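The structure presented is a predicted model; accordingly, all values stated were derived computationally and were not measured. Whatever order the structure lists ligands and atoms in, that order sets their numbers, starting from 1. Start at 1 with the first residue, then count along the sequence.
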Amino acid sequence: MTYAAITGWGKCMPPAVLSNDDLSTFLETSDEWISTRTGMRERRISHVSAIELSTVAASRALACAGLDAADVDLIIYGGVSNDELVPNSASGVQIALGATKAASIDLNTACTSFCYGLTTATAMIRTGVVRNAIVIGVELISRYMDWSNRNVAVLFGDGAAAVVLQASDTEQGVLASSLGCDAEGRQTLRVRGFGCTYANREISFGDTLWDFDGQAIFKRAVHAMAEASRRVMAERGIAPDDIDLVVPHQANLRIIESVAKYAGVPMEKVMVTVQKYGNMSAATVPVALVEALEEGRVRPGATLLMPAFGGGLTWCSLLVRWGERVTPLGHSTIELPPPTQSALEMVNAIRAHQDPHGRSLAGLMAPAFAESYTLSAAG
Ligand code: ACO
């Protein structure tokens with residue numbers, strides 16, 4: 001029997017921090033409202049493209065696994081905020097990494113994209129289609145945000161993380177996945193105008209219109225993630241007490257607490273990053289996983305639960321058995337160029353090209369990213 005071991009992991013968090021107080025400088029909101037309703041205190045704003053964030057995360061994951069990019073058979077790029085749609089983003093990461101023989105797939109199931117990608121890559125390894133894969137969860141929401149809409153603008157942040165999967169004879173990796181889509185609720189979470197493209201270092205913002213029914217999403221998210229978690233535990237005969245760590249999607253601290261309660265797992269066993277990164281959509285679960293490893297919260301042989309929920313309304317929960325190794329085999333020297341502006345300055349630059357309703361001003365194009373598009377290898 002072939003399994004898909006998770007042998008490498010790495011994240012790339014853009015360094016610029018946007019605080020709740022920064023948001024209060026242009027929105028009618030407050031640190032008190034945001035932190036009590038969501039658990040969020042700050043989030044990151046990226047000065048580089050989603051492909052660059054992904055490339056750094058993926059090269060760190062490859063170094064961690066001790067795997068050469070030339071040996072990668074498959075790259076799955078999970079996320080919704082693609083730099084461009086044709087060619088796809090996975091191919092952009094592929095060329096930046098030098099993964100010359102990889103198949104490259106963009107996978108969009110919104111916030112669940114990384115978990116769906118992990119399930120897809122696992123299935124492809126277990127059935128012998130590929131042997132080595134990179135799965136990325138990435139999001140660059142700030143470029144598409146309607147910064148005039150306080151209902152959503154306070155909730156999101158940018159970031160990326162990736163894992164390497166490799167064929168293995170020992171029983172580890174994703175052991176059970178429960179995936180589904182509550183399509184009856186698809187109108188409760190819509191971003192119209194998403195999918196605009198940019199090129200030549202300039203961005204055309206398009207008109208994004210964020211329609212979110214927060215309370216309906218909240219209820220459906222809790223129900224779906226808790227049920228999916230129960231199903232994967234039952235499938236493998238695992239009791240809630242046997243779960244060592246829950247690594248959930250991070251849309252709201254109160255959602256995480258409710259899912260943990262219904263799944264029967266105490267909060268001490270739940271990885272929470274929402275306070276410092278907000279909701280990074282597809283990047284939330286892999287970033288939380290990488291940080292759990294960095295903090296020593298994943299022990300050899302640990303059993304992990306990964307519930308997630310997103311637009312569609314897609315839902316899932318994955319049961320993962322960790323292998324023996326919880327430390328990296330090596331480290332990548334690739335770094336992002338430093339940002340030249342603060343997070344608030346970057347957001348204000350985007351806002352300057354939106355009218356008071358968050359729509360782009362006709363004919364205006366804004367400089368998208370820092371001058372340097374080149375990743376540097378330090379040291
Ligand atoms: N600052 C201050 N006030 C605000 C803000 C804000 N940023 N946003 C909304 N309000 C106001 C509302 O206008 C409303 O005012 P009113 O009572 O005068 O009408 C009041 O706060 C209460 O709004 P509610 O919607 O009842 O607030 P709630 O406690 O439900 O929290 C939230 C809203 C945080 C969106 C919550 O419903 C939630 O987390 N929902 C699910 C998560 C979600 O939608 N995430 C988006 C991504 S989807 C995903 O990742 C799965």
Side-chain angles (χ1 to χ4, degrees), residues 18-43 78-81 108-116 137-142 144-159 179-183 185-192 194 208-229 247-259 272-275 277-288 306-317 347 358:
L18 189 74
S19 68
N20 290 350
D21 286 340
D22 288 334
L23 287 162
S24 316
T25 62
F26 61 89
L27 283 174
E28 237 182 87
T29 190
S30 65
D31 176 50
E32 205 268 332
W33 191 96
I34 301 169
S35 56
T36 52
R37 301 288 180 122
T38 70
M40 298 170 191
R41 296 199 172 273
E42 52 189 47
R43 68 286 297 142
V80 298
S81 44
N108 168 14
T109 56
C111 303
T112 58
S113 301
F114 171 79
C115 293
Y116 271 56
V138 56
E139 224 67 83
L140 187 113
I141 302 276
S142 59
Y144 306 98
M145 179 47 68
D146 171 357
W147 288 105
S148 70
N149 181 350
R150 70 176 183 176
N151 292 322
V152 287
V154 305
L155 299 176
F156 291 94
D158 301 333
L179 311 180
C181 185
D182 174 12
R186 68 194 295 272
Q187 302 296 352
T188 63
L189 202 170
R190 292 182 73 203
V191 189
R192 281 178 273 167
F194 226 126
T208 60
L209 194 55
W210 294 65
D211 290 337
F212 279 50
D213 181 347
Q215 293 187 357
I217 297 168
F218 194 114
K219 288 180 201 144
R220 287 173 184 268
V222 171
H223 174 76
M225 285 194 279
E227 281 304 312
S229 296
V247 185
H249 178 52
Q250 318 262 332
N252 184 320
L253 181 58
R254 293 183 293 137
I255 293 179
I256 296 171
E257 288 168 344
S258 302
V259 171
V272 178
T273 61
V274 71
Q275 72 286 2
Y277 299 141
N279 180 353
M280 296 179 289
S281 180
T284 56
V285 170
V287 168
M306 295 182 188
F309 188 83
L313 300 167
T314 58
W315 52 258
C316 65
S317 191
V347 169

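- Protein heavy atom in closest approach to atom 14 (C) of ligand 1: R150 NH2, 4.8 Å.
- Counting only heavy atoms of the protein, atom 22 (C) of ligand 1 lies nearest to R37 NH1, 3.4 Å.
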**OP:** Could you give me the CA-CA distance, side-chain angles and deciding distance for Y144 and W210, then say whether ring pair (Phe, Tyr, Trp, His ring centres under 6.0 Å) is met?
**Re:** CA-CA 10 Å; Y144 306 98; W210 294 65; 8.8 Å; no
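- At a 4.0 Å heavy-atom cut-off, ligand 1 touches F212 through the side chain alone.
- Contacts between I255 and ligand 1, counted as non-hydrogen atom pairs separated by less than 4.0 Å, involve the side chain only.
- When non-hydrogen atoms are compared, ligand 1 lies under 4.0 Å from the side chain of T38 (C-beta onward) but not from its backbone.
- Using a 4.0 Å cut-off between heavy atoms, V152 makes no contact with ligand 1 at all.
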Subject >> side chain to side chain contact (heavy atoms under 4.5 Å, CB included) assessment of M40 paired with N279 >> reply: CA-CA 9 Å; M40 298 170 191; N279 180 353; 4.2 Å; yes
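- The nearest heavy-atom contact from the protein to atom 20 (C) of ligand 1 is W33 NE1, 4.3 Å.
- Under a cut-off of 6.0 angstrom, the local environment of CZ in R41 is sparse, with at most 12 non-hydrogen atoms contributed by other residues, nucleotides or ligands.
- Heavy-atom distances between I34 and ligand 1 stay at or above 4.0 Å for every pair.
- The option from H249, Q215, R254 that lies nearest to atom 24 (P) of ligand 1, judged by heavy atoms, is Q215.
- Remark: D31 CG to D21 CG distance equals 5.0 Å, nearest 0.5 Å.
- In this structure, R43 contributes its side chain and V154 its backbone to a donor-acceptor pair below 3.5 Å.
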